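Computed from a predicted model, the values in this text were never measured in an experiment. These numbers come from the heavy atoms of this one structure, side chains and all, not from hydrogens, waters or symmetry mates.
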Amino acid sequence: MPKLTIDGIEIEVDPGTSILQACEMLGIEIPRFCYHDRLSVPANCRMCLVEMERSPKPVASCAMPCGEGMVVRTQSEKALKARHATMEFLLLNHPLDCPICDQGGECDLQDQAMAYGFDRGRYRETKRAVKDKDVGPLIKTIMTRCIHCTRCIRFSDEIAGVSVLGGIGRGEHTEVGPYIEQAIQSELSGNLIDVCPVGALTSKPYAFTARPWELRKTESVDVLDAVGSNIRVDTRGAEVMRILPRLNEDVNEEWISDKTRFSYDGLRRRRLDRCYVRRDGKLVPVSWDEAFAAVADRLTGVSGDRIAALAGDLADAESQLALKDLMTALASPHLDCRQDGARFDASARAGYLFNTTIAGIEQADAVLLIGTNPRFEAALVNARLRKRWLRGGLTVAAIGPALDLTYPVAHLGAGTQTLQDVADGKHSFAETLRAARGPMLILGMGALARSDGAAVQALARRIADSVGLVRDGWNGFNVLHTAAGRVAGLELGLLPGAGGRDRDAILDGCAAGHLDVVYLLGADEIPGDRFGDAFVIYQGSHGDRGAHRADVIFPAAAYTEKHALYLNTEGRPQLTRPATFPPGEARDDWKILRALSERLGKPLAYNTQGELRRRLAAVNPAFGRIDQVTPARWQAFGAAGALDPAPFALPIQTFHQTDPITRASDTMAACADELFRSAETIATGRTGTDG
């Protein structure tokens, strides 16, 4: 390993380590604009120049690998003078519009100009101006500010996998932008705002609304998919102003999807802020006491086998446990957390978790996708797969609709016949999996949300056994969920009890008149006419499909307004924290259920969230291990049965509108209209503006 001296300090580093990285190990700060830890190194901003012995000129520390016996000086007069000159060149054409720039206060160029810039400019020629580009409803461009660091180009090419940006022109006429002016069609495009070190790319929905020093910052977790991306919620007063990514190497690294970043305006639209009861066919506002009384009156004399409950995709672990305990107290076996109708065996944890873990994807070398489109269902999982593909040696194949996942995917077939061939060893990809060092299988809801879901799960398990997906220190069997609350519900056993009905049977029972009361805990993905004449109690944060059908409505807090526990698709427990207060009379979900149980004369056995969390840990110890994945024991699961020959259908048709929050968002509506009219937009290569 090379040993070198930096500012008089001797250090030994791994081969290939750059001088800049060695300086960071020593705590020496080196200014930079183009360099980014997760992107390739172009060495074109020249801000990281350092002096190196026996080199006639300063060297770019980001691109110079450490060598044996090097002597580097980062604070010498020569190095500082080079940085001053570089900063002067960068500011030649940069406009002095910091007071109106949304990057102000968080701008790398501002910070480094203070440290390395002059107090005056010597450039007297005419400054150039660059026309702004229209790249869609999410990103605002002010391209005169661009310093040509090319971070945005490299991010779109390398991380997002959508080559839409590039450098056009030469010399003074160089511009960064799309080759053909159109919206950037990527579910990760908002990360361009984070990687831009100046104010050339900023958030269009956030433009001119707030300054960073005005905002209160709260660390939380995203719940709009099952990845559990770590986020920071910035608020001013009672309003969420923006959502930014938070670093978590095991989950989302430092990226988030556009749905996570830009749907926050849906948190203040269509909100339920008081109770409602349906009288004479119309919902009228009432007090909490009146709403509880209406439910208590309707439940009087109703036996438990005529009561059912469904938990929605955004339900937290505490509320799902409270709902289960309430249904148990009412002697009802009819409850389900799978509002999409997924049918699979949940008796073994290994049968419904992403066992490899998201970070473990980087160790895989062969992947079989079954009934899933990770680009829409879990954008950060897809980004990990692309990251692994870029390293080389990864083979990806899919059973289901043909997909464009930003990396090569072999399309094996559309449905269960191909899956059967792989399980029987008749398909060549079975041998590919068997020969791989880290084989993986990802089973999606498109394969499980069918009448033969349990049989598909059993067939996938047979593949895992036949090709050796499960080995010492490696479990390649994975289920990719689409709902943030799903894994917690499965871990808690929020499933039909003995003689109980699942989602489809509950809806059939409502239509046939066999069920009198249905409790919807944020379940908004079911058409209202499926409930027949049943009395529907809806508890949720938005006036969405469930509220439109409800006979009684309880207003609940959204994920940015409560302390709550969620398990992502890996089974990793993570906490949301309240960034604002719920609107009006809305309350935390578990508190509503606890108060209702008291009114029904069947009080739940906990009065505080601490007591409820202890009960969670008692039901399943995994809930007590925050931010840790509890490995699942490999055992039998699934139920062999007849397979439906119909091709797998993908569960998400419109990436930007998948839940009550995103459906309430004007920004997401604009994206759905302009970018992704359907899931086929990317798969077929058609853009949202094609005629």
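With contacts defined as side-chain heavy-atom distances shorter than 4.5 Å, the pair T218/P578 does not qualify. When side chains are defined from C-beta on, C48 does not count as touching Y35, because their heavy atoms never get closer than 4.5 Å. At least one side-chain heavy atom of F623 sits less than 4.5 Å from a side-chain heavy atom of L492. Residues C671 and F655 are not in side-chain contact: their nearest non-hydrogen atoms beyond the backbone lie 4.5 Å or more apart. Side-chain atoms of I159 and L39, non-hydrogen and from C-beta on, do get closer than 4.5 Å to each other. Within the 4.5 Å cutoff, side-chain heavy atoms of L385 are placed close to those of P374. Side-chain contact between R577 and V233 is absent, with no heavy-atom pair separated by less than 4.5 Å. Considering only heavy atoms from C-beta on, T580 stays 4.5 Å or farther from E239 through its side chain.
Between K259 and D225, none of the side-chain N atoms (NZ, or NE/NH1/NH2) sits under 4.0 Å from a carboxylate O, so this pair counts as no salt bridge. For K562 and E318, the salt-bridge test fails: no basic side-chain N is under 4.0 Å from an acidic carboxylate O. Ion pairing of R349 with E491 is present here, as a side-chain N (NZ or NE/NH1/NH2) and a carboxylate O approach within less than 4.0 Å. Under a 4.0 Å N-O distance rule, the pair R384/E362 qualifies as a salt bridge.
Under 3.5 Å, the side chains of Q574 and N230 contain a donor-acceptor pair of N or O atoms. When only modelled atom types and interatomic distance are considered, D316 and S319 share a side-chain donor-acceptor pair under 3.5 Å. There is a side-chain donor-acceptor pair under 3.5 Å between Y407 and N382.
Residue pairs that meet the salt bridge (Lys or Arg N to Asp or Glu O under 4.0 Å) test with at least one member in residues 619-628, sequence neighbours left out, are R572-D627.
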| request: Report the C-alpha distance between C152 and C196 in whole Å, list the side-chain angles of each, state the deciding distance to 0.1 Å, and finish with yes or no for side chain to side chain contact (heavy atoms under 4.5 Å, CB included). | output: CA-CA 7 Å; C152 57; C196 180; 6.0 Å; no
Practice item. Carefully, step by step, assess I28 and I6 under the rule side chain to side chain contact (heavy atoms under 4.5 Å, CB included). Key: CA-CA 9 Å; I28 299 171; I6 302 176; 3.8 Å; yes
Test side chain to side chain contact (heavy atoms under 4.5 Å, CB included) on V470 and N475 and set out the steps. CA-CA 4 Å; V470 182; N475 187 335; 3.6 Å; yes
### Task
Begin with the C-alpha distance, continue with both residues' side-chain angles, and end with the deciding distance and a verdict on side chain to side chain contact (heavy atoms under 4.5 Å, CB included) for L443 and T372.
CA-CA 7 Å; L443 189 60; T372 182; over 6 Å; no
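T356 and I361 get closest at one heavy-atom pair: CG2-N, 4.1 Å. The two residues I442 and V367 have their closest heavy-atom pair at CD1-CG1, 4.1 Å. The shortest non-hydrogen separation linking A579 to T235 is O-OG1, 3.5 Å. Across all their heavy atoms, A436 and A366 have their closest contact at CB-CB, 3.7 Å. Listed here is the closest heavy atom pair of R461 and F477: N-CE1, 3.9 Å. Contact record, S665 with D265: OG-OD1, 2.5 Å, taken as the closest heavy-atom pair.
No donor-acceptor pair closer than 3.5 Å links the side chain of D234 to the backbone N or O of L244. Under the 3.5 Å distance criterion, the side-chain polar atoms of R471 are matched with a main-chain donor or acceptor of R437. For D250 (side chain) and N248 (main-chain N/O), no donor-acceptor pair under 3.5 Å exists by modelled atom type. Side chain of H481 to backbone of F354: no donor-acceptor contact under 3.5 angstrom is found. D258 places a side-chain N or O within 3.5 Å of a backbone atom of G190 that can act as its donor or acceptor partner. Between the side chain of Q320 and the main chain of A315, a donor-acceptor pair closer than 3.5 Å is present. Side chain of Q21 to main chain of S18: a donor-acceptor pair is present (N/O by atom type, distance under 3.5 Å, no hydrogens or angles). Looking at R145, its side chain does come within 3.5 Å of a backbone N or O of G199 through a donor-acceptor pair.
Shown here are the salt bridge (Lys or Arg N to Asp or Glu O under 4.0 Å) partners of D194, two or more places apart in sequence or in another chain: R261. Residues satisfying the ring-ring contact (aromatic ring centres under 6.0 Å, His included) criterion with F429, sequence neighbours excluded, are absent altogether. Remark: W474 engages no residue in a ring-ring contact (aromatic ring centres under 6.0 Å, His included) (not counting sequence neighbours). Residues that satisfy the ring-ring contact (aromatic ring centres under 6.0 Å, His included) test with F155, not counting sequence neighbours, are W255. A search for side chain to side chain donor-acceptor pair (under 3.5 Å) contacts involving Q628 returns nothing, not counting sequence neighbours.
Here the options are R216, R211, E214, the test is side chain to side chain contact (heavy atoms under 4.5 Å, CB included), and the partner is R236; only E214 passes. Of the candidates E12, E68, M70, P2 forms a side chain to side chain contact (heavy atoms under 4.5 Å, CB included) with just one, namely E68.
At most 12 non-hydrogen atoms from other residues, nucleotides or ligands lie less than 6.0 angstrom from CD of E29. The environment of CZ in R434 is crowded: more than 12 heavy-atom neighbours from other residues, nucleotides or ligands sit within 6.0 Å. Under a cut-off of 6.0 angstrom, the local environment of CE in M1 is crowded, with over 12 non-hydrogen atoms contributed by other residues, nucleotides or ligands. Shown here is R391, whose CZ atom has more than 12 heavy atoms of other residues, nucleotides or ligands within 6.0 Å.
Summarising the geometry, atom CG belonging to L49 is positioned 12.0 Å from atom OG1 belonging to T74; distances are rounded to the nearest 0.5 Å. Residue L267 holds its CG atom at 8.0 Å from OG of S541, rounded to the nearest 0.5 Å.
Both the sub-6.0 Å distance and the 45° axial angle are satisfied by R338 relative to the ring of F344.
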